[in-house]
Amino acid sequence: MLLFAFVIYYTSTLLAECYRTGDPATGKRNYTYMDAVRANLGGAKVTFCGVIQYANLVGVAIGYTIASSISMRAIRRADCFHQNGHADPCRSSSNPYMILFGAVQIVFSQIPDFDQIWWLSIVAAVMSFTYSGIGLSLGIAQTVANGGIQGSLTGISIGAGVSSTQKVWRSLQAFGDIAFAYSFSNILIEIQDTIKAPPPSEAKVMTRATRLSVATTTVFYMLCGCMGYAAFGDAAPDNLLTGFGFYEPFWLLDVANVAIVVHLVGAYQVFVQPIFAFVERWASRRWPDSGFIARELRVGPFALSLFRLTWRSAFVCLTTVVAMLLPFFGNVVGLLGAVSFWPLTVYFPVEMYIAQRGVARGSPRWVSLKTLSACCLVVSIAAAAGSIADVIDALKVYRPFSG
């Protein structure tokens, strides 16, 4: 996890330098990730970047829909366990919760621009600190109650229920999970475009923000991950707050899961706004005289247009239906993280930096950057293999709309 944090911070600083072409303070702006690739690399790499970036963002939207429904269902189950005892299975479908999440997203999706959801991002950040703090506190409390640390330095024991092969696949999938947890590079340029600068340059501001965010999230990831394993050892659930390693206090679990849902409402919007902007720019260029596309009615923070209402609502409905078809969140996020990690987080930032700074082929810096890229490619392939194996296992017992 520390290695991922270091690599992602470093490559994010390279990517931030590509926001402007030429002079870092006055050069031509690149408003999107694709614009940066077009300005620095060009050719087929622009299309490749676009396909990978937007496919990943769609996948993130689907994953967040699944995750939110898991937390909403966990709230109901926590209350059920409290009332009926832990022996009650307290089963329920996640589909109604996905539909509810989708309905909320249809409303928030009418906010027209990336820079107008800053307040939603702040709320989401506060919520992430809330549920992370609760999870960490419960892990510490459980470890103290156990009278010591569970588990071992080598991870889950091979034996009943876990073969050596399964442990290898799960370890590889964990790389994808960690990569997904740090998956902000695919919208870094779009976020950087909202910074009011210079002075100092947008790149310097973004670098400072990235340093703070990566350091903060890594501390929480390490603490929550380590304390969760220390509390439960080999029996640790996939999700400490929804896997019911804890049952009480049930109201605190409810607070944590509500915070997760609110966080995901905001995070969903942050990740889908670039898709909305891309499609709407394309439609405006394709049909410049269309009143259906151009006409707007502003109501508070919302800018309502028939085209935006129709297409954005259709997008949310589509991601919701796909989420209902694929209700295994843990399997999906590992694959998403693995597939997008190398191209979006490492390859394009490295290649654009080499092109922009004119790094000489064969120089020590060129060799170091290329080596970093090659190593991360190997990690990405290994993580994808582990995640695919996990998805195949999940599909063996899969039934559509069975979540």
Side-chain angles (χ1 to χ4, degrees), residues 1-12 15 33 48-49 51-68 70 124 128 132 155 167-188 190-191 210 213-214 217-218 220-222 224-225 228 238-240 242 260 263-264 267-268 270-272 274-275 319 322-323 326-350 372-395:
M1 193 175 290
L2 292 174
L3 287 173
F4 268 89
F6 172 77
V7 169
I8 289 168
Y9 167 69
Y10 178 67
T11 57
S12 294
L15 183 57
Y33 201 137
F48 175 62
C49 171
V51 170
I52 294 293
Q53 181 189 14
Y54 292 114
N56 178 259
L57 294 178
V58 172
V60 169
I62 294 168
Y64 284 174
T65 303
I66 297 171
S68 67
I70 292 173
S128 67
S132 297
K167 182 170 180 177
V168 170
W169 288 128
R170 291 181 184 183
S171 298
L172 294 179
Q173 185 201 357
F175 288 141
D177 293 339
I178 296 170
F180 181 84
Y182 285 105
S183 61
F184 62 87
S185 297
N186 48 4
I187 56 170
L188 185 143
E190 285 81 356
I191 293 174
T210 301
S213 63
V214 170
T217 53
T218 300
F220 272 95
Y221 290 161
M222 291 292 292
C224 291
D238 288 345
N239 187 318
L240 290 178
T242 63
I260 291 175
H263 173 219
L264 291 174
Y268 183 103
V270 170
F271 278 89
V272 300
I275 302 175
T319 57
V322 174
L326 302 171
F328 29 85
F329 175 68
N331 316 78
V332 172
V333 297
L335 185 58
L336 287 173
V339 169
S340 64
F341 171 65
W342 177 71
L344 296 177
T345 302
V346 182
Y347 174 73
F348 283 119
V350 165
L372 173 64
S373 182
C375 291
C376 290
L377 173 60
V378 172
V379 171
S380 204
I381 292 172
S387 299
I388 290 171
D390 202 38
V391 168
I392 292 173
D393 284 342
L395 289 173

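Only a predicted model underlies this, so the values are computations on that prediction, with no experimental measurement involved.
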Just so I know, are the side chains of [X] and [Y] near enough to count as touching, which here means a heavy-atom distance under 4.5 Å?
X    : Y    : value
L188 : T210 : yes
S183 : L336 : no
Y64  : V60  : yes

Taking all non-hydrogen atoms of both residues into account, name the closest pair between [X] and [Y] and its distance.
X    : Y    : answer
A338 : A384 : CB-N, 3.3 Å
P274 : Y54  : O-CE2, 3.7 Å
G155 : K167 : C-NZ, 4.1 Å
S68  : T65  : OG-O, 2.8 Å
A61  : V272 : CB-CG1, 3.7 Å
A124 : H263 : O-CD2, 3.3 Å

Legend entry - Distance-only polar pair, side chains of Y9 and T218, donor-acceptor under 3.5 Å: no
Gap separating the [atom1] atom of [X] from the [atom2] atom of [Y], nearest 0.5 angstrom:
X    : Y    : atom1 : atom2 : result
I178 : L2   : CD1   : CG    : 9.5 Å
L335 : D177 : CG    : CG    : 10.5 Å
Y268 : L57  : OH    : CG    : 11.0 Å
I260 : S132 : CD1   : OG    : 8.0 Å

Inset, instruction - Could you point out which residue of F184, F4, Y182 forms a ring pair (Phe, Tyr, Trp, His ring centres under 6.0 Å) with F341? - result: F4
Legend entry - Aromatic ring pairing Y347/W342, orientation class (parallel under 30°, perpendicular over 60°, tilted between): tilted
Inset, instruction - Take the angle between the ring planes of F348 and Y33 and call it parallel below 30°, perpendicular above 60°, tilted in between. - result: perpendicular
Inset, instruction - Can you sort out the partners of N186 under side-chain hydrogen bond (donor to acceptor under 3.5 Å, both in side chains), two or more places apart, ordered by chain and number? - result: N56
Legend entry - Main-chain N/O of P349 paired to T11 side chain as donor or acceptor, under 3.5 Å: no
